[in-house]
Peer 1: 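Dropping the structure in here first, questions after.
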Number of protein chains: 2
Amino acid sequence: MSKVARDNMDARRPQPSPVTIMIGLEAVIVAVTEGVPRILSVGHTDHALSPPEHGVRTRPEAPDALPFGPLDPSADCTLDQALRGWVSEQTGLSLGYVEQLYTFGDPYRDPLQREGGPRVISVAYLALTRECVPAREQNASWRDCYTYLPWEDWREGRPQILGHVIEPALQQWLTGINEPSRQRRQRERVDICFGFSGSAWDPERALERYQILYEAALVPEAWPQDTPAERLPTSPSGRPMALDHRRILATALGRLRGKLKYRPVVFELLPDTFTLSQLQGVVEALSGVRLHKQNFRRLVEKGGLVEESGGTTFSTGGRPAKLFRFRREVLRERPAPGVRLPGAS
Amino acid sequence: MSKVARDNMDARRPQPSPVTIMIGLEAVIVAVTEGVPRILSVGHTDHALSPPEHGVRTRPEAPDALPFGPLDPSADCTLDQALRGWVSEQTGLSLGYVEQLYTFGDPYRDPLQREGGPRVISVAYLALTRECVPAREQNASWRDCYTYLPWEDWREGRPQILGHVIEPALQQWLTGINEPSRQRRQRERVDICFGFSGSAWDPERALERYQILYEAALVPEAWPQDTPAERLPTSPSGRPMALDHRRILATALGRLRGKLKYRPVVFELLPDTFTLSQLQGVVEALSGVRLHKQNFRRLVEKGGLVEESGGTTFSTGGRPAKLFRFRREVLRERPAPGVRLPGAS
DNA sequence: TCAAAAGTGTTATCCTTACACCCATGT
DNA sequence: ACATGGGTGTAAGGATAACACTTTTGA
């Protein structure tokens with residue numbers, strides 16, 4: 001090996017440092033049942049089950065959290081394997097589709113570091129599963145992901161919370177910005193992300209929206225640890241989560257919404273055979289918008305995404321529906337097969 | 001804090017382990033000049049400048065590497081800030097657009113771990129920059145990214161190397177797979193990724209293609225460290241890089257190609273004003289395919305992506321060209337503004 | 001018989017693609 | 001004059017979005 005390359009190698013040797021590093025693996029495990037997109041969450045207490053009211057001053061003491069497991073650096077496995085391992089151990093779920101989302105490494109994102117603990121770097125994953133097996137752990141359960149991000153669900157029209165709570169609060173935040181050019185930039189960003197002032201609502205921008213709410217301190221997660229209860233600003237609702245887990249959830253939702261359009265990931269969430277309404281229901285649940293029935297059906301059928309399985313189901317409430325299955329050959333035919341959302345420009 | 005939540009916290013405390021963890025930040029820094037997409041690479045020796053011949057048995061002793069810097073866990077900054085910091089320190093470049101790509105954590109991906117060194121987790125970033133400032137470091141330089149991934153450049157038609165080297169080598173690899181169902185699955189995967197057997201070429205699948213070449217041991221990076229020179233399989237060309245850096249490069253290229261279509265990232269690589277040909281040249285350089293001139297122009301103009309700046313340039317070789325600039329307002333008007341490639345289904 | 005959900009048909013409109021052709025400069 | 005690259009017009013085909021309408025079940 002040449003001297004140059006050896007020098008580069010040497011640069012990688014660890015410097016002595018008082019702070020050690022820990023890798024945490026966090027998983028957003030998604031399943032859709034009866035039109036509800038659910039994620040597996042742990043650590044919540046039962047008395048906290050009722051969702052907080054809009055605008056109520058609140059700071060839950062035992063917030064929900066995403067399931068996670070530490071990485072054993074001496075273990076002889078990849079990050080993915082480690083993740084699958086502890087998820088199966090803790091919950092009994094064997095994950096199918098798994099995708100790395102993002103690595104979060106802000107200092108002090110875990111309060112433990114303040115107490116002299118290690119610096120925790122979290123590698124977040126998105127996992128999709130068909131079954132909602134009740135988790136093996138006592139304190140884990142499947143929860144509607146829109147309890148955490150209620151402004152993301154537009155299926156019943158524009159969510160009340162946007163007009164009643166979020167828009168005025170963000171306007172107030174914007175007027176509080178002194179520097180004019182900064183204010184203009186932020187106003188544009190808010191308009192684009194939240195669809196204010198005539199901008200369109202883009203379901204994929206879930207992370208950017210959460211990020212803005214965080215910067216504007218409209219989510220309890222952004223408030224300092226030691227804020228006295230009476231000085232807390234009002235929460236724009238949405239159930240909080242531990243640490244930055246809601247940010248991770250928003251990342252997962254945005255990524256999944258994007259992926260729907262160009263990869264056939266929906267089928268990871270459906271049984272082998274399904275009706276077109278079921279398929280549409282899952283897409284709607286995840287994207288958070290309603291789709292035009294006839295056009296949706298034509299798109300997936302003529303797009304070669306599904307084929308009739310031959311069977312029919314009578315459990316529809318109306319006329320029996322044909323059963324379909326995913327048509328794998330589409331992978332050969334089209335470069336980016338997925339379910340196009342309207343206005344996907 | 002409730003007992004449940006506290007238990008969760010405690011699970012995050014570090015276990016005693018003989019193996020320590022190190023975080024490395026690696027950057028794929030991209031710039032496009034004169035139609036060549038370049039990345040900043042370090043650590044190569046001058047005598048290795050000539051590209052290896054197709055099919056030559058070779059194992060460069062001082063491979064090129066991506067620039068990287070270790071994360072100081074006690075430093076009070078985010079991963080992004082740390083990255084910008086050492087890039088500016090080492091190269092003098094101040095990065096504009098920066099995006100996290102992926103975190104690589106396979107054990108023993110760095111041979112140092114075998115020698116009892118720490119487990120290295122690499123967080124890879126994609127960074128775009130306009131200027132090709134000659135790097136401050138002696139052994140850093142800008143290099144055509146297709147020297148590393150020659151099969152990805154279809155601008156002059158289908159690359160020779162695909163038909164002459166890669167396709168036969170992969171066919172041989174496939175016939176060597178004993179289990180029939182596995183062989184069928186892998187054959188389908190190869191066809192889809194490389195566009196064999198009538199499948200279309202999808203520029204975005206750069207990572208999947210590299211991954212296959214790696215699994216088929218067609219890149220030197222996949223060969224065992226101690227392979228004697230005479231037993232080395234033939235390389236399907238493409239200049240190798242250190243560790244898994246070529247995989248990181250492939251990740252970056254695929255991601256960038258995808259992003260071009262729905263986010264206006266090209267403009268991060270162009271000066272403030274530019275001609276439409278320059279714009280097209282950059283898109284072509286990155287996507288690796290030629291685009292239809294007139295349609296491209298109409299798409300970006302009627303799509304509201306650019307506006308005339310008023311000026312013209314005479315350094316074209318033909319008729320002077322109007323200068324354009326990026327039209328920021330498009331962000332408001334369209335949910336996902338980008339440059340559509342042909343056949344984007 | 002009616003509600004509910006499945007499924008079919010048709011049309012106007014826009015966007016993509018491909019082709020042919022003209023324009024302004026340097027040599 | 002001509003080569004070179006910049007720029008315009010137009011027509012065919014396909015995809016999208018919005019309509020109204022029929023069919024088949026359970027209650």
Side-chain angles (χ1 to χ4, degrees), chain A residues 34-35 155 200 261-262 273-284 287 289-324 330 333-345, chain B residues 34-35 155 200 261-262 270 273-284 287 289-325 330 333-345:
Chain A
E34 294 120 37
R155 283 175 297 173
K261 292 198 223 156
Y262 63 94
T273 65
F274 46 81
T275 67
L276 292 184
S277 292
Q278 274 181 286
L279 177 60
Q280 183 176 351
V282 174
V283 174
E284 287 177 338
S287 65
V289 293
R290 284 254 171 266
L291 302 174
H292 189 274
K293 187 177 65 158
Q294 288 78 354
N295 292 340
F296 177 82
R297 295 171 106 90
R298 222 193 335 260
L299 272 179
V300 297
E301 275 195 274
K302 296 210 341 191
L305 218 59
V306 297
E307 62 191 357
E308 295 188 21
S309 80
T312 49
T313 180
F314 290 77
S315 53
T316 56
R319 168 173 170 175
K322 287 183 190 160
L323 288 172
F324 289 78
V330 75
E333 298 159 5
R334 289 169 55 193
V339 199
R340 289 268 266 261
L341 303 181
S345 168
Chain B
E34 293 121 37
R155 283 175 296 174
K261 293 198 223 158
Y262 62 95
L270 283 162
T273 64
F274 46 82
T275 68
L276 293 184
S277 293
Q278 273 180 286
L279 176 60
Q280 182 175 351
V282 173
V283 174
E284 287 177 337
S287 65
V289 293
R290 283 253 171 270
L291 302 174
H292 190 272
K293 186 176 66 161
Q294 288 77 358
N295 293 340
F296 177 83
R297 297 171 106 89
R298 221 190 337 257
L299 273 178
V300 296
E301 276 194 275
K302 294 210 345 191
L305 218 58
V306 297
E307 63 191 358
E308 294 186 24
S309 80
T312 49
T313 178
F314 291 78
S315 54
T316 56
R319 169 175 167 174
K322 288 182 191 163
L323 288 172
F324 289 78
R325 74 166 73 88
V330 75
E333 298 158 5
R334 289 170 55 194
V339 198
R340 288 268 263 262
L341 303 181
S345 169

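We name chains A, B, ... by the order of the sequence lines, and we start the count at 1 in each one.
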Peer 1: For D:dT16, does OP1 or OP2 lie under 4.0 Å from any side-chain N or O of A:Arg298?
Peer 2: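 No, outside the criterion.
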
Peer 1: Nearest to the side chain of A:Ser277, which nucleotide is it out of C:dT17, C:dA5, D:dT8?
Peer 2: C:dA5

Peer 1: Would a distance-only check, ignoring hydrogens and angles, find a side-chain to backbone donor-acceptor pair under 3.5 Å from A:Gln280 to A:Leu291?
Peer 2: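 Judged by distance alone, yes, a pair lies under 3.5 Å.
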
Peer 1: Which of these nucleotides, D:dT8, C:dG7, D:dC19, is closest to any side-chain atom of A:His292?
Peer 2: D:dC19

Peer 1: Are the side chains of A:Leu323 and A:Thr275 in touch, meaning some heavy atoms are under 4.5 Å apart?
Peer 2: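 Yes. Closest side-chain heavy atoms under 4.5 Å.
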
Peer 1: Between the base of D:dG7 and the side chain of B:Gln294, is one N or O donor paired with an acceptor at under 3.5 angstrom?
Peer 2: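 In this structure, the two groups form a donor-acceptor pair.
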
Peer 1: Do A:Thr313 and A:Phe274 make a side-chain contact, defined as non-hydrogen atoms from C-beta onward lying under 4.5 Å apart?
Peer 2: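 No. Closest side-chain heavy atoms not under 4.5 Å.
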
Peer 1: Rounded to whole Å, please give me the gap between CZ in A:Arg297 and P in C:dA5.
Peer 2: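 Distance, rounded to whole Å: 12 Å.
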
Peer 1: Rounded to the nearest 0.5 Å, what separation is found between the CD atom of A:Glu301 and the CZ atom of A:Phe296?
Peer 2: 10.5 Å

Peer 1: Starting at NZ of B:Lys322 and ending at C1' of D:dG5, how long is that distance when rounded to a whole Å?
Peer 2: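 In whole Å, D:dG5 C1' and B:Lys322 NZ are 15 Å from each other.
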
Peer 1: Is there side-chain contact between A:Gln278 and A:Phe324, with heavy atoms separated by less than 4.5 Å?
Peer 2: no

Peer 1: Base, sugar-phosphate alone, or nothing: which one does A:Thr275 contact when heavy atoms must sit under 4.0 Å apart?
Peer 2: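 Since no nucleic acid heavy atom lies under 4.0 Å of A:Thr275, the category is nothing.
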
Peer 1: Applying salt bridge (charged side-chain N to carboxylate O under 4.0 Å, His left out) to B:Arg155 and B:Glu284, what does each step give before you reach the verdict?
Peer 2: CA-CA 7 Å; B:Arg155 283 175 296 174; B:Glu284 287 177 337; over 6 Å; no

Peer 1: Between the protein and nucleotides 23-27 of chain D, which nitrogen or oxygen pairs come in under 3.5 angstrom?
Peer 2:
{"residue": "D:dT23", "atom": "O2", "partner": "A:Arg319", "partner atom": "NH1", "Å": "2.8"}
{"residue": "D:dT24", "atom": "O2", "partner": "A:Arg319", "partner atom": "N", "Å": "3.4"}

Peer 1: Are the side chain of A:Arg334 and the backbone N or O of A:Gly304 linked by a donor-acceptor pair below 3.5 Å?
Peer 2: no

Peer 1: Nearest whole Å is fine: how far is C:dA5 C1' from A:Leu279 CG?
Peer 2: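 It is 16 Å, rounded to the nearest whole Å.
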
Peer 1: Counting distance alone, no hydrogens or angles: does the base of D:dG6 have a donor or acceptor under 3.5 Å from a partner atom on the side chain of B:Lys293?
Peer 2: yes

Peer 1: Working to the nearest 0.5 Å, report the span between OG1 of A:Thr273 and NZ of A:Lys322.
Peer 2: 14.5 Å

Peer 1: For residues 299-311 of chain A, which residues have at least one heavy atom under 4.0 Å from DNA chain D?
Peer 2: A:Leu299

Peer 1: Measure the shortest side-chain to side-chain distance between B:Ser277 and B:Arg297 over non-hydrogen atoms and say whether it is less than 4.5 angstrom.
Peer 2: yes

Peer 1: Provide, to the nearest angstrom, the distance between the CG atom belonging to B:Asn295 and the C1' atom belonging to D:dG9.
Peer 2: 12 Å

Peer 1: Please report, rounded to the nearest Å, how far the P atom of C:dA6 is from the CG atom of A:Leu323.
Peer 2: 12 Å

